[in-house]
Protein chains: 2
Amino acid sequence: MFNLFWADESGFPAGDRGALYGDGLFETIRMHGDRGVLLSRHLDRMVRDAGRLGIPIALTDLRKVCTAATGRYLDRFSKKDNDRGWVLKLTLTRGEGGRGYQPGSGIRPNLMVSAGPMPALPASSGVIADFSRIPLTVNPLLTGIKSLNRLEQVMAAREIEGEVYEVIMADSAGNLVEGTRTNLLLKVADGWVTPPLKSLAVAGIMRQWMLERLRARGETVFERSVSIADVMGSHCQGLFFLNSVVGAVPVRRLAGQDLPVDDGVATIFNPLELLE
Amino acid sequence: MFNLFWADESGFPAGDRGALYGDGLFETIRMHGDRGVLLSRHLDRMVRDAGRLGIPIALTDLRKVCTAATGRYLDRFSKKDNDRGWVLKLTLTRGEGGRGYQPGSGIRPNLMVSAGPMPALPASSGVIADFSRIPLTVNPLLTGIKSLNRLEQVMAAREIEGEVYEVIMADSAGNLVEGTRTNLLLKVADGWVTPPLKSLAVAGIMRQWMLERLRARGETVFERSVSIADVMGSHCQGLFFLNSVVGAVPVRRLAGQDLPVDDGVATIFNPLELLE
């Protein structure tokens, strides 16, 4: 089991390893009423990636927490007169104890549960984006884990201002990998392209769902590196930001250059059909 | 200014960006009585690297906190009948607020102040070490910053067990860069070798002090990449772990192979001479 903390009544212990070393991971889940969009995928990812970090957590316990969180936060953050929903956040840390970086044995994890209102959704006509000056570095043993080590994304997000909705981060080879809070999906003549799992800081729930949905429709999806030329060149038929709270967001302008907008994929995602 | 938190009476706020995203940095300082070993260097590094992250903090305010921390923690963690001292830890985060990774403007930083007893010092005859299986990745814009993004070091520290004191992490090219909590210093025939600043996850206070001290003695120090062959080959005359709390620790056995032990450098560091 774990120690449960509710963000509206308690903070993190001073010795929490998540707070001290980023020793943990988190999930942000779009809720509508008492149900979550792709809830199982979020909780499965947390259990799986916690296991990769050596943090023990049971799926059944996480499910119980989601139910309790709904009872606690639903009325506060979800308006009855709209279906915009609310956002549930689970932050799981290794807990307290150990000697510096080295965790003690038998540590009990800490789970912080917080919630908030749905953010404003971007216009379906598309958003403005830019390239980040912060390179993305991904440890090959920690790929895809939505860990609490997000300083690179914070530094990149500090570049977002004015009309810019998101910035795209590249790896040391110059390949475009992901946004600060989004994965990338590119439409090309013979299908779709998205950077491969092994390159990703965060392996997004929406990315995986979208790839499965596209393939189920018989479309071809290539998981390969994406260069600036792939996106800015004439063979790009559309670029999308993928995020499990906002869905698929078309990019209409990138680094001052207009991109073709195809909103076909944006409408594939209907959150109300994906509630669990 | 900043919000001040004492670890013996308060935790981190639930919305603290350090706890949520590793958005902050820390210093661990060896104290003897009311003075700190190389205290100015620690505080200068925190101010400088906080500035690199865009977290405003004034040196004079940090100094006042150290004085207050001594009054609060000295009697609890420092025994009067020995000079082993105690350890002061400052954890500075960007504070609370913003939209996800993106910080709000005018955020007030949070400073958590904690303390503990001195750890046991390793035997002067040297320690046993091993190679880590966790590769080290360092963002070129965040090199050297003792940030709260330490998940790689935590994962590597989980490999330390039994008689092993420390494990050495290598970069993607296989160069040996640093231990989980130490920098590396190698003695060779024509001087000393240590990995260059641009490769380091943490630019240690002890590393910098030791390089200056060696150069002041007229010795040659090379800041260049260190390969496994450099350390395990016959031209290695000694390998040391550098850490500002424990000093220079000779490695007598690495990955099952005996290394020559030269304790000359270990005795250069006398903490009682470096109190401020």
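Note that the structure is a prediction, hence the values are computed from the model and not measured. Just so it is clear: chains get the letters A, B, ... in the order the sequence lines come, proteins before strands, and each one is counted from 1.
Heavy atoms of B:Ile134 lying under 4.5 Å from chain A belong to its backbone as well as its side chain. Contact of B:Arg99 with chain A is not made at all, since no heavy-atom distance falls under 4.5 Å. Both the backbone and the side chain of B:Leu53 come within less than 4.5 Å of a heavy atom of chain A. For a residue to count as touching a neighbouring chain, one of its non-hydrogen atoms must lie under 4.5 Å from one of that chain's; by this rule B:Pro135 touches chain A with backbone and side chain alike. Interface remark: B:Ser114 contributes no atoms to any contact with chain A (heavy atom separation under 4.5 Å).
In terms of heavy-atom pairs under 4.5 Å with chain A, the best-connected choice from B:Ser147, B:Gly54, B:Gly116, B:Gly100 is B:Gly54. Between chain B and the residues A:Met112, A:Gln153, A:Arg133, A:Arg181, the largest count of heavy-atom pairs under 4.5 Å involves A:Gln153. Heavy-atom pairs under 4.5 Å with chain A peak, among B:Ala156, B:Gly22, B:Gly11, B:Ala14, at B:Ala14. When each of B:Glu9, B:Lys89, B:Glu159, B:Arg158 is checked for heavy-atom pairs under 4.5 Å with chain A, B:Arg158 comes out on top. Residue with the most contacts toward chain A among B:Ile160, B:Leu141, B:Asn139: B:Asn139 (heavy-atom pairs, distance under 4.5 Å).
Partners of B:Phe12 by ring pair (Phe, Tyr, Trp, His ring centres under 6.0 Å), not counting sequence neighbours: none found.
Closest approach of B:Thr180 to A:Tyr101, counting heavy atoms only: O-CE1, 3.0 Å. Taking all atoms of both residues into account, the shortest heavy-atom contact from A:Arg94 to B:Val154 is NH2-CG1, 3.8 Å.
Side-chain contact between A:Thr137 and B:Pro140 is present, with at least one heavy-atom pair separated by less than 4.5 Å. Residues A:Leu151 and B:Asp23 are in side-chain contact: their nearest non-hydrogen atoms beyond the backbone lie under 4.5 Å apart.
Within residues 165-176 of chain A, no residue has a heavy atom under 4.5 Å from a heavy atom of chain B.
How far CD of B:Glu152 is from CG of A:Asn149: 7.5 Å, rounded to the nearest 0.5 Å.
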